[in-house]
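The block underneath contains the structure these notes are about, expressed in structure tokens.
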Amino acid sequence: MNHFGYNKKSKFIVDTIQALHIKLDQFMYNLVHHSPYEIVLYIWIHKLYLKGKSSEDAVQLIYKARNMLLSKEAYISCKDARPS
């Protein structure tokens, strides 16, 4: 990959992380230390970059995916908390 392509991808990743209101240094620290949340976000961001999405589109798609995931987990925990 040429130098320009690397910068373009890096800029996309940084712009997306910042648009998600996450501190870049904390995100990278957690990513390097294998934090599951940051790993999932990084994978999503990388896939969206490969699909040619803009940072703005990536943020919207990540918000939707994250909300669906959290809603599903909340539903499961509420379902498990009901008395039998």
Side-chain angles (χ1 to χ4, degrees):
M1 179 179 274
N2 63 23
H3 184 65
F4 177 73
Y6 178 78
N7 285 337
K8 187 176 175 185
K9 181 179 178 182
S10 296
K11 181 168 175 25
F12 176 83
I13 292 169
V14 169
D15 289 348
T16 304
I17 291 168
Q18 289 176 338
L20 291 168
H21 306 286
I22 299 172
K23 293 181 181 177
L24 186 60
D25 56 345
Q26 187 67 45
F27 178 86
M28 290 304 190
Y29 177 86
N30 290 340
L31 184 64
V32 169
H33 288 88
H34 307 288
S35 175
Y37 180 72
E38 280 77 5
I39 290 172
V40 169
L41 276 181
Y42 182 81
I43 290 169
W44 286 351
I45 292 168
H46 179 71
K47 286 182 178 182
L48 292 166
Y49 174 79
L50 293 177
K51 289 184 177 186
K53 300 291 183 184
S54 68
S55 292
E56 296 82 17
D57 289 341
V59 169
Q60 294 304 313
L61 290 167
I62 289 170
Y63 278 146
K64 287 179 185 178
R66 187 171 64 179
N67 287 339
M68 288 188 327
L69 181 65
L70 292 174
S71 295
K72 182 178 178 182
E73 288 178 9
Y75 173 76
I76 290 170
S77 37
C78 288
K79 185 178 172 185
D80 291 342
R82 289 189 306 196
S84 303

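We use all heavy atoms of the structure for the numbers below, so side chains are in, but hydrogens, waters and symmetry mates are not.
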- Only counting residues at least two apart or in another chain, list the ones meeting salt bridge (Lys or Arg N to Asp or Glu O under 4.0 Å) with Lys11. Asp15
- Item | Sequence-distant partners of His33, ring-ring contact (aromatic ring centres under 6.0 Å, His included), two or more places apart | Tyr29
Identify each donor-acceptor pair in which a side-chain atom of residues 39-47 lies under 3.5 Å from a protein atom, sequence neighbours left out, and give them as a table.
unit_1 : atom_1 : unit_2 : atom_2 : d
His46  : ND1    : Lys9   : NZ     : 3.0

- Note on the structure: Of all heavy-atom pairs linking Leu48 and Phe12, the shortest is C-CZ, 4.2 Å
- Starting at OG1 of Thr16, measure out to CD1 of Ile22 and round the result to the nearest 0.5 Å. 10.0 Å
- Here the side-chain hydrogen bond (donor to acceptor under 3.5 Å, both in side chains) pairs for residues 17-26, sequence neighbours left out, are Gln26-Asn30
- Sequence neighbours left out, what passes side chain to side chain donor-acceptor pair (under 3.5 Å) with Tyr37? Give chain and number order. Arg66
Could you give the side-chain donor-acceptor pairs of residues 52-59 under 3.5 Å, partners two or more places apart or in another chain?
unit_1 : atom_1 : unit_2 : atom_2 : d
Ser54  : OG     : Glu56  : OE1    : 3.4
Ser54  : OG     : Asp57  : N      : 3.1
Ser54  : OG     : Asp57  : OD2    : 3.3

